[in-house]
Amino acid sequence: MKQKKGLIIGLVVALLAVFAVASVVGYNVFQQVRHRQALHALTEELNKMEGVISNQAFTDAESSQILDRTVSKGDYAVLERAVKDHCKDLFAKQNEMTQYLEKNEIEQYLTPEALASDAPNFETTTQKLAEFRETEKNLRESWLYLASEEGIRQYQSAQLKGDLKKLFDEYVENVTSSDVQSVIESDVAYYNQTMDAIGQALEYLKNNQSSWVMENGQILFNTEESLNAYNAILSQIPE
């Protein structure tokens, strides 16, 4: 079973790249030298952030350093901090989710050891799966809120006006775009399908105890029909 890790690694790189492009477009809008210099500094910083995140973990010291510092001046500093503060919190929630999923791998619920230790009713395993599902749902919903327009707008300062507000609006639009949502929905579907299939497999074993035996830590089915029924459930787990 393939576990999807790093829910938004590619997504974050994409949104930062898009915002960097938006900043370059904005570069031509402002004529004052100080505005051009500030915007150039912000664009370069976003490009650095994209490079670090592309090749290293979110917890890397360099990525944290980039998110914590402010390189632009004046109103652009407000824009930079709004974007970086949002990214920092998004990364933190992503890191929390990734660590939880790595520590509580879904695969563990159907290993021969887990099944053998909890047969034949699988009450402990079923309870653990329910707890996993609830925690994963809460973490995911927290992340989804941060990736929603309402969540991002919390970082918008009243000082962002005119063209600077337009750039922030573009950032919001790209984070909440249909492409971004499709990435999120794909990952949600993976975990939902996996947890549903594991739950059905446990339920099948519990309700059909006469059709299988546990021998040497392995489940052996009495008939090919029972084996095929069980395998059909497992086949619902996405690759």
Side-chain angles (χ1 to χ4, degrees), residues 6-99 139-184:
L7 173 62
I8 57 163
I9 292 177
L11 170 62
V12 170
V13 172
L15 72 86
L16 288 175
V18 168
F19 188 68
V21 171
S23 299
V24 174
V25 173
Y27 186 97
N28 297 318
V29 175
F30 303 96
Q31 300 303 316
Q32 296 92 337
V33 174
R34 65 184 181 86
H35 282 178
R36 292 203 301 269
Q37 290 175 337
L39 186 52
H40 179 70
L42 176 55
T43 301
E44 288 298 308
E45 188 76 341
L46 286 170
N47 287 331
K48 287 180 185 177
M49 197 187 330
E50 178 190 349
V52 169
I53 294 168
S54 296
N55 299 303
Q56 303 176 39
F58 291 148
T59 54
D60 184 85
E62 186 177 359
S63 61
S64 297
Q65 184 181 39
I66 290 175
L67 290 172
D68 288 336
R69 70 188 176 210
T70 305
V71 300
S72 52
K73 305 293 183 181
D75 292 339
Y76 282 95
V78 179
L79 176 62
E80 180 183 357
R81 282 269 41 98
V83 173
K84 286 186 174 180
D85 287 345
H86 174 252
C87 287
K88 187 175 181 178
D89 290 347
L90 198 65
F91 295 172
K93 183 57 65 176
Q94 159 64 19
N95 192 45
E96 181 183 359
M97 182 184 298
T98 299
Q99 289 181 357
L139 288 171
R140 172 166 40 86
E141 288 182 347
S142 296
W143 189 93
L144 286 171
Y145 176 75
L146 282 177
S148 70
E149 178 171 2
E150 181 181 357
I152 303 170
R153 292 291 181 189
Q154 294 181 110
Y155 298 82
Q156 180 179 341
S157 168
Q159 294 176 256
L160 292 178
K161 299 177 181 179
D163 290 305
L164 289 175
K165 182 180 180 298
K166 289 180 181 178
L167 286 178
F168 188 82
D169 289 343
E170 179 124 0
Y171 174 70
V172 174
E173 181 179 348
N174 283 297
V175 176
T176 58
S177 70
S178 58
D179 290 341
V180 169
Q181 292 302 317
S182 67
V183 174
I184 297 171

*Asks:* Check Glu96 with Lys93, please: is the shortest side-chain N to carboxylate O separation under 4.0 Å?
*Replies:*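 Answer for the salt bridge query: yes.
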*Asks:* If every non-hydrogen atom of Arg69 is compared with every non-hydrogen atom of Lys84, which pair is closest and at what distance?
*Replies:* O-NZ, 3.0 Å
*Asks:* Has His86 got a side-chain atom pairing as donor or acceptor with Leu146's backbone, closer than 3.5 angstrom?
*Replies:* yes
*Asks:* Mind listing the closest non-hydrogen atom pair of Leu90 and Trp143 along with its distance?
*Replies:* CD1-NE1, 3.6 Å
*Asks:* Closest heavy-atom contact between Met97 and Arg140?
*Replies:*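 Of all heavy-atom pairs spanning Met97 and Arg140, the closest is CE-CA, 3.4 Å.
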*Asks:* Could you state the interatomic distance from CG (Leu139) to CG (Leu144), rounded to the nearest 0.5 Å?
*Replies:*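 CG of Leu144 is found 11.0 Å from CG of Leu139.
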*Asks:* Shortest non-hydrogen contact from Thr70 to Ala77?
*Replies:*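 Result for this residue pair: CG2-CB, 3.8 Å.
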*Asks:* What's the separation between atom NZ in Lys166 and atom CD in Glu173, rounded to the nearest 0.5 Å?
*Replies:*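 Going from the NZ atom of Lys166 to the CD atom of Glu173 covers 13.0 Å.
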*Asks:* Using side chain to side chain contact (heavy atoms under 4.5 Å, CB included), reason through Leu79 and Leu167 one step at a time and then give a plain yes or no.
*Replies:* CA-CA 8 Å; Leu79 176 62; Leu167 286 178; 4.0 Å; yes
*Asks:* Give the intermediate values and the outcome of side chain to side chain contact (heavy atoms under 4.5 Å, CB included) for residues Asp169 and Arg153.
*Replies:* CA-CA 9 Å; Asp169 289 343; Arg153 292 291 181 189; 2.7 Å; yes
*Asks:* Identify the two heavy atoms, one from Ser148 and one from Thr176, that lie closest to each other, and give their separation to 0.1 Å.
*Replies:*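 Closest pair (atom of Ser148, atom of Thr176, distance): C-CG2, 3.8 Å.
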*Asks:* Can you name the closest pair of heavy atoms from Ile152 and Phe168 and give their distance?
*Replies:* O-CZ, 3.8 Å
*Asks:* Measure the CD-CG distance between Glu80 and Leu67 for me, rounded to the nearest 0.5 Å.
*Replies:*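 Answer for the CD-CG pair, Glu80 versus Leu67, is 10.0 Å.
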*Asks:* Taking CD in Gln154 as the centre, count heavy atoms belonging to other residues, nucleotides or ligands within less than 6.0 Å. Is the count above 12?
*Replies:*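 More than 12 within 6.0 Å, yes.
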*Asks:* Quick one, Val172 and Glu150 - any side-chain contact, counting heavy atoms below 4.5 Å?
*Replies:*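 Answer no - side chains too far apart.
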*Asks:* Measure the shortest side-chain to side-chain distance between Lys88 and Tyr155 over non-hydrogen atoms and say whether it is less than 4.5 angstrom.
*Replies:*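 Sidechains of Tyr155 and Lys88: no contact.
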